[in-house]
Amino acid sequence: MGTFSFSRAERIRSRKEFQGLKSKGAVFKTRKLVFNFAATTGPSRLGVVATKKMGNAVFRNRIKRWLREAFRLNKQAMARPMDLVIVPRVSELSFADIEQDLRFFQQWHREKNEKNAHRAH
RNA sequence: GAAGUUGCACGACCGACCGCCGGCGCGAGCCGGAGGAAAGUCCGGACUCCACAGAGCGGGAGGCUGGCUAACGGCCAGGAGAGGCGACUCUACGGAAAGUGCAACAGAAAGAUACCGCCCGGCAUGACCGGGCAAGGGUGAAAUGGCGAGGCAAGAGCUCACCGGGAGCGCGGUGACGCGCUUCGCACGGCAAACCCCCUCCGGAGCAAGAUCGAAUAGGGGCGCGUUCCGCCUUCGGGCGGAUAAGGGUUGCUCGCCCGAGACGCCCGGGUUGAUCGCUCGAGGCGGCCGGUAACGGUCGUCCCAGAGGAAUGGUCGGUCUCGACAGAAUCCGGCUUAUGUGCGACUUCCCCU
RNA sequence: GGCGCCUUGGCCAAGUGGUAAGGCAGAGGUCUGCAAAAUCUCCAUCUCCGGUUCGAAUCCGGAAGGCGCCU
């Protein structure tokens, strides 16, 4: 599995998994994105969502591509492997916004992880 | 130059790197990768299934003519009518002497009528009576061919010319229809996107159609109906075949047909929610030639051009331009409709200059 | 992806060619010392754009929005 690749094994595909993450997973929200996530033993996996309220099919496809691209380029910065579902909250959104929020989420997650590690010791 | 009509074309491009989907290859890698509307799902097909689709009734769709097409509610050519100064555009464009119905309000009257009037006669001189008329007024969306002249008591196709209309004949055209002549003074107007009549077409569902393999759970519960007869075999438990009954299927109904003595019908409950095929070479694209006014057809050459299944086209950098609209394939084709940026050609009307 | 259905005041709705019923809610008036009740009045581009008709919420095309079913 390449450093910047994004293969089939790195995707969340079934409806059950999406619903499981939404109901049982942890949540992190920014102004523009919602992150549903849970720790996993395998490689980190991504699921993307774009509702019909956001726009037409062309626009929804573009958002999903951006989300996947941001994950592909930044997945090495994950503190530990996780299943992650990203849902956009607003339709005013650029690729730069997505990447910025994803990095902010990763930083938050890393800090939280370190805190927990300290507590354990 | 302005306003407009119409026919087409394109749908930002190029390179590098990191990625995504499919095919080929042991591999490095190579090749291909959204649209003109992919959209709305409004028509028409192909394809697949429904123990075949057969008839009648009902229902739906279409409706000038000729052609094209696999087919169409599409396209091409033409006719008629309507709109526009014009280029040109638009038309659900069969039937109203087959029948039924509708027309509020107004108006005398909405298919057989006379309110105000006009004219004649009467004497009781009137807000009168009897008769004639349908030109004028008024109502209305619509009032019994139009306009002019003659005629008359006043009028009226009553008569005449022109226009419109009906019928007949002739000529031209495949035909819709057109033209000409004769004849009828013209008699029962409008609405069939009201019912209806006539002609043509239509079985139903849809790739979540459907086929194969595998996994898993249960071998359940309730209700409904029936428990017949015949033949053969038998280890005498039953098995096989046939006929029908109840019931069911034939997706509106009837007949007909088919299944059927229960792996029956309906409802409830439980499990799986995987893989492969269908799945992309096709009424296919491009170019030439031939036939045809054209739509289109024929023929030769050439090309292979997405096939996903949480669903593939993005990011970064560099460069160019006119700085980029509407918008994303999901079985596949032919149309229609709607959304939308830019460029080009032809034509029309008006204005200005030479 | 495919197949159906529905849009009438703020809400629930009737109307199916001829003036858009009715109820709830809201606003204003009358009544009252004030309120409630009662009573009167007001509140509609019939989702939008065309067509047929003298006349369309109604009939016929097209568009928009919403809802449901099929794995």
Side-chain angles (χ1 to χ4, degrees):
Chain A
M1 207 156 297
T3 313
F4 294 112
S5 68
F6 185 57
S7 70
R8 190 67 53 85
E10 295 172 85
R11 295 176 202 176
I12 296 168
R13 302 216 304 279
S14 76
R15 182 174 171 75
K16 260 185 188 171
E17 286 178 298
F18 273 90
Q19 287 177 335
L21 273 168
K22 194 173 168 63
S23 57
K24 296 189 184 110
V27 184
F28 180 81
K29 291 182 184 176
T30 67
R31 180 173 280 278
K32 296 185 174 181
L33 301 175
V34 178
F35 299 83
N36 291 292
F37 63 99
T40 180
T41 51
S44 287
R45 299 190 304 161
L46 175 74
V48 294
V49 170
T51 64
K52 246 182 185 165
K53 281 182 192 171
M54 295 204 57
N56 60 30
V58 172
F59 185 80
R60 295 200 304 274
N61 277 345
R62 183 152 59 232
I63 295 293
K64 289 195 276 188
R65 281 168 191 152
W66 283 348
L67 290 170
R68 279 194 287 264
E69 184 69 9
F71 176 82
R72 183 178 78 80
L73 295 172
N74 294 288
K75 64 179 181 173
Q76 293 308 112
M78 290 291 182
R80 51 190 348 208
M82 66 167 77
D83 282 351
L84 175 66
V85 170
I86 307 176
V87 185
R89 307 176 77 179
V90 293
S91 46
E92 290 78 29
L93 199 65
S94 69
F95 181 73
D97 291 337
I98 290 169
E99 205 163 27
Q100 187 186 326
D101 281 16
L102 179 64
R103 286 190 176 134
F104 183 63
F105 163 71
Q106 286 174 318
Q107 193 186 332
W108 171 85
H109 183 248
R110 202 177 308 117
E111 282 168 9
K112 191 188 170 199
N113 218 41
E114 280 164 12
K115 215 183 272 179
N116 288 359
H118 272 286
R119 204 170 296 164
H121 279 282

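So that the names make sense, note that chain A is the first sequence line, chain B the second, and so on, each numbered from 1. Being a predicted model, the structure only gives us computed values, none of them experimental.
With both ends at atom C1', the span from G221(B) to G241(B) equals 35 Å, rounded to whole Å. Across A176(B) and A192(B), the matching P atoms stand 25 Å from one another, rounded to whole Å. Comparing G298(B) with A92(B), their P atoms sit 32 Å apart, to the nearest whole Å. As rounded to the nearest Å, C34(C) and U47(C) have C1' atoms that lie 46 Å from one another. Of the C1' atoms belonging to A38(C) and A44(C), the separation is 28 Å, rounded to the nearest Å. Atom name C1', nucleotides G309(B) and A16(B): the rounded distance is 33 Å, in whole Å. Nucleotides G269(B) and C277(B), compared at atom P, are 36 Å apart to the nearest Å. Comparing G334(B) with A295(B), their C1' atoms sit 14 Å apart, to the nearest whole Å.
One cannot find a donor-acceptor pair under 3.5 Å joining the base of C20(B) and the side-chain atoms of Arg65(A).
Following rounding to the nearest Å, Arg72(A) (CZ) and C17(B) (P) show an atom-to-atom distance of 14 Å. Residue Glu99(A) contributes atom CD, which lies 12 Å from atom C1' of G314(B) at whole-angstrom precision. Whole-Å rounding puts the Ile12(A) CD1 to A311(B) P distance at 10 Å. Distance, Ile63(A) CD1 to G310(B) C1': 17 Å, rounded to whole Å. Summarising the geometry, the separation between CZ on Phe6(A) and P on G310(B) is reported as 13 Å, rounded to the nearest angstrom. When the C1' atom of A311(B) is taken as reference, atom CG of Asn61(A) falls 9 Å away, rounded to whole Å. Counting to the nearest Å, the C1' atom of G1(C) and the NZ atom of Lys52(A) are 11 Å from each other. The interatomic distance linking Glu69(A) (CD) with U316(B) (C1') rounds to 9 Å, in whole Å.
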Using atom types as modelled, flag every donor-acceptor pair under 3.5 Å from a side chain in residues 54-63 of chain A to any protein atom, sequence neighbours excluded.
{"unit_1": "Asn56(A)", "atom_1": "OD1", "unit_2": "Val58(A)", "atom_2": "N", "d": "3.3"}
{"unit_1": "Asn56(A)", "atom_1": "OD1", "unit_2": "Phe59(A)", "atom_2": "N", "d": "3.0"}
{"unit_1": "Arg60(A)", "atom_1": "NH1", "unit_2": "Gly55(A)", "atom_2": "O", "d": "2.9"}

Residues 82-91 of chain A side chain polar contacts: donor-acceptor under 3.5 Å, at least two apart:
{"unit_1": "Asp83(A)", "atom_1": "OD1", "unit_2": "Arg45(A)", "atom_2": "NE", "d": "3.1"}
{"unit_1": "Asp83(A)", "atom_1": "OD2", "unit_2": "Arg45(A)", "atom_2": "NH2", "d": "3.0"}
{"unit_1": "Arg89(A)", "atom_1": "NH1", "unit_2": "Thr30(A)", "atom_2": "O", "d": "2.8"}

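Between Ser94(A) and Gln100(A) the shortest side-chain heavy-atom distance does not fall below 4.5 Å.
Taking CZ of Phe28(A) as the start and CZ of Phe105(A) as the end, the distance is 7.0 Å to the nearest 0.5 Å. Atoms CZ and CZ, from Arg80(A) and Arg110(A) in turn, are 13.5 Å apart once rounded to the nearest 0.5 Å. For the atom pair CD1 of Ile12(A) and CG of Leu46(A), the computed distance is 6.5 Å after rounding to the nearest 0.5 Å.
Pair check for G189(B) finds none; no Watson-Crick or G-U wobble contact set falls under 3.5 Å. Base-pair partner of C326(B): G35(B) (Watson-Crick or G-U wobble, both distances under 3.5 Å). Under the Watson-Crick or G-U wobble criterion, with both distances below 3.5 Å, C3(C) is paired with G68(C). Base pairing annotation: U316(B) forms a Watson-Crick or G-U wobble pair with A16(B), both donor-acceptor distances under 3.5 Å. Using Watson-Crick or G-U wobble geometry with both donor-acceptor distances under 3.5 Å, C54(C) finds its partner in G18(C). Within the shown strands, U65(B) is the pairing partner of A77(B) under the Watson-Crick or G-U definition, both distances less than 3.5 Å. The pairing partner recorded for A55(B) is U254(B), the criterion being a Watson-Crick or G-U wobble arrangement whose two distances lie under 3.5 angstrom. Across all strands shown, the partner of C118(B) is G132(B), judged by Watson-Crick or G-U wobble contacts whose two distances both fall under 3.5 Å.
In this structure, Asn56(A) reaches the sugar-phosphate backbone alone: every heavy-atom distance under 4.0 Å involves primed, P, OP1 or OP2 atoms, never a base. Using a 4.0 Å heavy-atom criterion, one finds that Arg8(A) contacts the sugar-phosphate atoms exclusively. No engagement by Arg62(A) is indicated, since no non-hydrogen atom pair under 4.0 Å with the nucleic acid exists. Residue contacts shown for Arg60(A) are absent, as no nucleic acid heavy atom lies under 4.0 Å away.
C305(B): glycosidic angle within 90° of 0, hence syn. Under the 90° criterion around 0 for the glycosidic angle, U53(C) counts as syn. Taking 90° from 0 as the syn/anti boundary, the base of G237(B) is oriented syn. Nucleotide A187(B) carries a syn base; the chi torsion (O4'-C1'-N9-C4 or O4'-C1'-N1-C2) is within 90° of 0. Against the 90° criterion about 0, the sugar-base torsion of A77(B) places it in the anti range.
Each salt bridge (Lys or Arg N to Asp or Glu O under 4.0 Å) pair with one or both residues in residues 22-33 of chain A, not counting sequence neighbours, appears once here: Lys32(A)-Asp97(A).
Ring centroids of His109(A) and Phe35(A) are separated by 6.0 Å or more, keeping the two rings apart.
Residues meeting the side-chain contact (heavy atoms from CB on, under 4.5 Å) test with Arg11(A), sequence neighbours left out: Phe6(A), Arg8(A), Arg13(A). In terms of the salt bridge (Lys or Arg N to Asp or Glu O under 4.0 Å) criterion, residue partners of Arg103(A) (sequence neighbours excluded) are, by chain and number, Glu99(A).
Ring-to-base geometry does not place Phe4(A) in a stacked arrangement with G19(B) (centre distance under 5.5 Å, plane angle under 30° required).
Both Phe18(A) and Val58(A) sit near RNA chain B, but only Phe18(A) has its closest nucleotide nearer the 5' end. Two residues, Arg13(A) and Lys16(A), neighbour RNA chain B, and the one matched to the more 5' nucleotide by heavy-atom proximity is Lys16(A).
Of the residues in residues 84-95 of chain A, those lying under 4.0 Å from RNA chain B by heavy-atom distance are Phe95(A).
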